[in-house]
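Working notes, beginning with the structure itself.
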Amino acid sequence: MPVHDVNVAVIYYSSTGTVAELARLIADTAEHAGADVRLRRVAELAPQAAIDANPAWAANAAATADILEAAPEDMLWADAVLLGTPTRFGNVTSQLKQFLDTLGGLWQQGRLADKVYSGFTASGTRHGGQESTLLALYHTVHHFGGILIAPGYTDPAKFTDGNPYGTSHVGGPETPVDADARTAARVQAERVVKFTKAIKAGLAAAS
């Protein structure tokens, strides 16, 4: 199949910038792997006063202001969707959940089914809910009728970062995304593109 034969949407929420950096890494890798990519951030729900009170939050809001906000049309366009969220008490952030909750009409029409989905996350502490957040996110994928492509232990690097459910990083703005998380992002994005191409080709041949 020719280069750029699949569409990949990377849709995320990030407060202080860690998940935003992971999203960029995943988007860049997917593009180099032969996908057309849309990098999108979901709308912020927090009050401006709360953002302004946290320098890292305010800096990330300014740094990512040029990234378009995610819209339902991005889901329709995509053959694969990678969803990113920090952990919030071991669960998905309200900002990403709000976006997902706007997709009920498309879900009801079956227009979110048969796409590839995968997730990535970050937490401020080790064992801070990374795996439970990804598993909670994947509940929505199952309801969509999506095809879940998790990294698993399919690459030697995964035995280093140790998260078979998706890319994850421990630390906030003072802890830059490390080499393990960067490698995990590459492995996950390449795997998603590889299987999206195969699934799309297979579905086309079967139709």
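Computed from a predicted structure; not experimentally measured.
Across all non-hydrogen atoms, the minimal contact from S118 to V192 is CB-CG2, 3.8 Å. Nearest heavy-atom pair, A122 versus V19, reported as atom, atom and distance to 0.1 Å: CB-CG2, 3.9 Å.
Distance CG/L45 to OG1/T93: 8.5 Å, rounded to 0.5 Å. Between the NE2 atom of H143 and the CG atom of L112 there is a distance of 13.0 Å, given to the nearest 0.5 Å. Atoms OH and CZ, from Y13 and F99 in turn, are 15.5 Å apart once rounded to the nearest 0.5 Å. Separating the CD atom in Q188 from the OG1 atom in T154 is a distance of 9.5 Å, to the nearest 0.5 Å. To the nearest 0.5 angstrom, T64 atom OG1 is 4.5 Å from N60 atom CG. Atom-to-atom distance recorded for S15:OG and R88:CZ is 4.5 Å, nearest 0.5 angstrom.
A 4.5 Å side-chain heavy-atom check between L96 and L137 finds at least one atom pair inside the cut-off.
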Original post:
Between F120 and L83, does a side-chain contact (heavy atoms from CB on, under 4.5 Å) hold up when you go through it step by step?
Top reply: CA-CA 6 Å; F120 56 101; L83 297 164; 5.8 Å; no

Original post:
Yes or no on side-chain contact (heavy atoms from CB on, under 4.5 Å) for L135 and T133, after CA distance, side-chain angles and deciding distance?
Top reply: CA-CA 5 Å; L135 290 172; T133 296; over 6 Å; no

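Counting only residues at least two apart or in different chains, salt bridge (charged side-chain N to carboxylate O under 4.0 Å, His left out) contacts with residues 42-69 comprise R41-E69. Contacts classified as salt bridge (charged side-chain N to carboxylate O under 4.0 Å, His left out) and involving residues 91-102 (residues at least two apart or in different chains) are given here: K97-D101. Screening residues 107-121 for salt bridge (charged side-chain N to carboxylate O under 4.0 Å, His left out) gives no qualifying pairs among residues at least two apart or on separate chains.
Environment of NZ in K194: sparse, with no more than 12 heavy atoms of neighbouring residues, nucleotides or ligands closer than 6.0 Å.
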